[in-house]
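Before any comments, here is the structure.
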Number of protein chains: 2
Amino acid sequence: MLNDFPLTLKKLNLKITPKRLAILEILMKESVYLSPGEVWKKMKKRFKRIGLPTVYRNLEELSEGNIISEVTHPNRQLYYYFCQNRSHHHHFICLSCRKVEDINFCGLNELEKEVTKKIKGKLLSHIMQVNGFCRHCLNKKEKYFDS
Amino acid sequence: MLNDFPLTLKKLNLKITPKRLAILEILMKESVYLSPGEVWKKMKKRFKRIGLPTVYRNLEELSEGNIISEVTHPNRQLYYYFCQNRSHHHHFICLSCRKVEDINFCGLNELEKEVTKKIKGKLLSHIMQVNGFCRHCLNKKEKYFDS
DNA sequence: TAATTAAATAGAAATAATTTTCATTTAAAT
DNA sequence: ATTTAAATGAAAATTATTTCTATTTAATTA
């Protein structure tokens, strides 16, 4: 998977830079979603000089290229997650441990007809995300449960 | 509708303050979603002294009470919208004029079974929102189309 | 392989968004 | 009218994001 990155970046007309690859690697190895600031902290361990704008820019580009995807957390920050599944899908996110699991079922197809009929406009995108606690956290009763 | 506000607030154990009512009124009369900063600007026209934290606090409380609801805009700010429909539903938002239309169909019920089966955790909430251009903006070819 | 060029980056600073703290005011219960 | 807890303003702190510009670097070309 890691070996595919250069090719993938090339397709998106993004240069293959060590930092870009490192960001991808970090997100891929984490099984949880990270905020730009968190990615930056991890990057600083590898590169003495790495600017926050670089992280923001890359996350945005990679997200536009659908290599990573965005997750909306109730605390209103945006987070990024490395997407195993590059095709259209949605996410279950664990509010406790931040784990993301792909949902490969999209009820939006049926909805689309309904909405188009009603709106009579143009549908461009949609956000669908299910929030909860994963099985593991449910048993451990961590974090959110304590407070 | 406006007359119902005091009762509604009472049910939520929120005091009926002029500012709280004004925020509700502003959101109700706008047919588009507004950011906290925008609500604040409108409030300043009515109240010479109104702090931004007051607006933030109120929007959050009202949103928790389900009197208004949140909308996620691609530019990553949160916006608020006065909800005609207090029961469970979703939104179509126009990326051009910011109009919000309720979608009274929720494909999540079916999805829920699928997800629960796969996740084996606890589902708490979900976000579903359809983004696009409304019929009106599609004809006018405004804003987003120009650039 | 060296030269070229356009994209990527650092660094600093600006801007924007959100939250905290605390003293004061006010709604509503008594 | 008095009391009390919630709501508010003001100022500041914090956090998040973007902009700008000079420099560096990846990748193309000669």
Side-chain angles (χ1 to χ4, degrees), chain A residues 5-26 33-65 67-68 70-80 98 147, chain B residues 5-26 33-65 67-68 70-80 98 147:
Chain A
F5 287 161
L7 190 62
T8 313
L9 292 179
K10 209 158 248 171
K11 276 185 200 153
L12 296 172
N13 285 316
L14 293 176
K15 286 186 180 170
I16 298 156
T17 69
K19 281 162 190 170
R20 194 164 271 151
L21 288 172
I23 289 178
L24 273 176
E25 199 185 324
I26 285 169
Y33 53 86
L34 299 173
S35 70
E38 289 165 338
V39 173
W40 184 53
K41 270 179 215 142
K42 285 177 188 292
M43 286 293 281
K44 278 198 292 190
K45 288 180 187 162
R46 300 202 197 178
F47 305 88
K48 16 180 190 312
R49 298 175 162 211
I50 164 81
L52 196 41
T54 300
V55 172
Y56 271 92
R57 251 183 282 112
N58 273 292
L59 290 174
E60 196 174 329
E61 289 157 350
L62 296 171
S63 173
E64 276 169 9
I67 310 191
I68 63 177
E70 295 180 349
V71 151
T72 302
H73 203 269
N75 83 351
R76 17 204 98 174
Q77 232 194 312
L78 261 198
Y79 293 88
Y80 292 89
R98 296 189 180 186
S147 57
Chain B
F5 287 161
L7 189 62
T8 312
L9 292 178
K10 206 159 250 171
K11 276 184 199 154
L12 296 173
N13 286 316
L14 294 176
K15 288 187 180 172
I16 299 156
T17 69
K19 281 162 193 170
R20 193 163 272 152
L21 289 172
I23 288 176
L24 273 176
E25 200 185 324
I26 285 169
Y33 54 86
L34 299 174
S35 70
E38 289 165 337
V39 173
W40 185 53
K41 270 179 215 142
K42 285 177 188 292
M43 287 293 281
K44 280 197 290 191
K45 289 180 186 163
R46 300 200 198 179
F47 305 89
K48 18 186 187 310
R49 298 176 164 212
I50 165 80
L52 197 41
T54 300
V55 172
Y56 272 91
R57 253 183 278 115
N58 273 292
L59 289 174
E60 195 174 330
E61 289 157 352
L62 296 171
S63 173
E64 275 168 10
I67 312 190
I68 63 177
E70 294 180 351
V71 151
T72 301
H73 203 270
N75 81 352
R76 16 202 98 174
Q77 232 194 313
L78 260 200
Y79 293 87
Y80 293 89
R98 293 189 182 187
S147 57

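In what follows, every chain begins at residue 1, and chains take the letters A, B, ... in the order their sequences are listed.
- For the atom pair CD (E25(B)) and CD1 (I23(B)), the distance works out to 11.5 Å, reported to the nearest 0.5 Å.
- If you take CG of L34(B) and P of dA17(C), they are 14 Å apart, rounded to a whole angstrom.
- L59(B) and I68(B) get closest at one heavy-atom pair: O-CD1, 3.5 Å.
- Following rounding to the nearest Å, E60(B) (CD) and dA6(D) (P) show an atom-to-atom distance of 16 Å.
- Checking dA10(D), dT19(C), dA12(C) against every side-chain atom of Y56(B), the shortest atom distance belongs to dT19(C).
- Taking five base pairs at each end of the helix from dT1(C)-dA30(D) to dT30(C)-dA1(D), the local helix axes there meet at an angle of 40°, rounded to 10°.
- Within residues 7-21 of chain A, the residues that have a heavy atom under 4.0 Å from DNA chain C are, in order of number, L14(A), K15(A), T17(A), K19(A), R20(A).
- Scanning for salt bridge (Lys or Arg N to Asp or Glu O under 4.0 Å) contacts around K19(B) gives an empty result, with sequence neighbours left out.
- Heavy-atom distances under 4.0 Å link DNA chain D to no residue of residues 39-47 of chain A.
- At whole-Å resolution of the value, CD in E70(B) and C1' in dT18(C) are 14 Å apart.
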**Report entry** side-chain contact (heavy atoms from CB on, under 4.5 Å) between M43(A) and T54(A), worked out
**Finding:** CA-CA 10 Å; M43(A) 286 293 281; T54(A) 300; over 6 Å; no
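- Considering only side-chain N and O atoms, R49(A) lies under 4.0 angstrom from the phosphate OP1 or OP2 of dG11(C).
- Dashed line: the shortest gap from a side-chain N or O of T54(B) to OP1 or OP2 of dA7(D) is not under 4.0 Å.
- Base engagement by L52(B) is indicated by at least one non-hydrogen atom pair under 4.0 Å involving a base atom.
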Requested in this report: Go through the steps to decide whether L21(A) and L9(A) satisfy the test side-chain contact (heavy atoms from CB on, under 4.5 Å), and finish with yes or no.
Outcome: CA-CA 9 Å; L21(A) 288 172; L9(A) 292 179; 3.9 Å; yes
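- With values rounded to the nearest 0.5 angstrom, T8(B) atom OG1 is found 5.5 Å from I67(B) atom CD1.
- Atom-to-atom distance recorded for R98(A):CZ and E38(A):CD is 4.0 Å, nearest 0.5 angstrom.
- Between P36(B) and E61(A), the residue whose closest nucleotide on DNA chain C is further toward the 5' end is E61(A).
- The ring-ring contact (aromatic ring centres under 6.0 Å, His included) search around F47(B) returns none, not counting sequence neighbours.
- Straight-line distance from the CZ atom of R57(A) to the P atom of dG11(C): 12 Å, rounded to whole Å.
- Across all non-hydrogen atoms, the minimal contact from Y79(B) to S35(B) is CD2-N, 3.2 Å.
- Every residue was checked against the salt bridge (Lys or Arg N to Asp or Glu O under 4.0 Å) condition with E64(A), not counting sequence neighbours, and none meets it.
- In this structure, N58(B) places its CG atom 15 Å from P of dT18(C), rounding to the nearest Å.
- Figure legend: cation-pi geometry between K42(B) and W40(B) absent, as NZ or CZ is not positioned both under 6.0 Å from the six-membered ring centre and within 45° of its axis.
- Protein atom CD of E38(B) is 9 Å distant from nucleotide atom P of dA17(C), rounded to whole Å.
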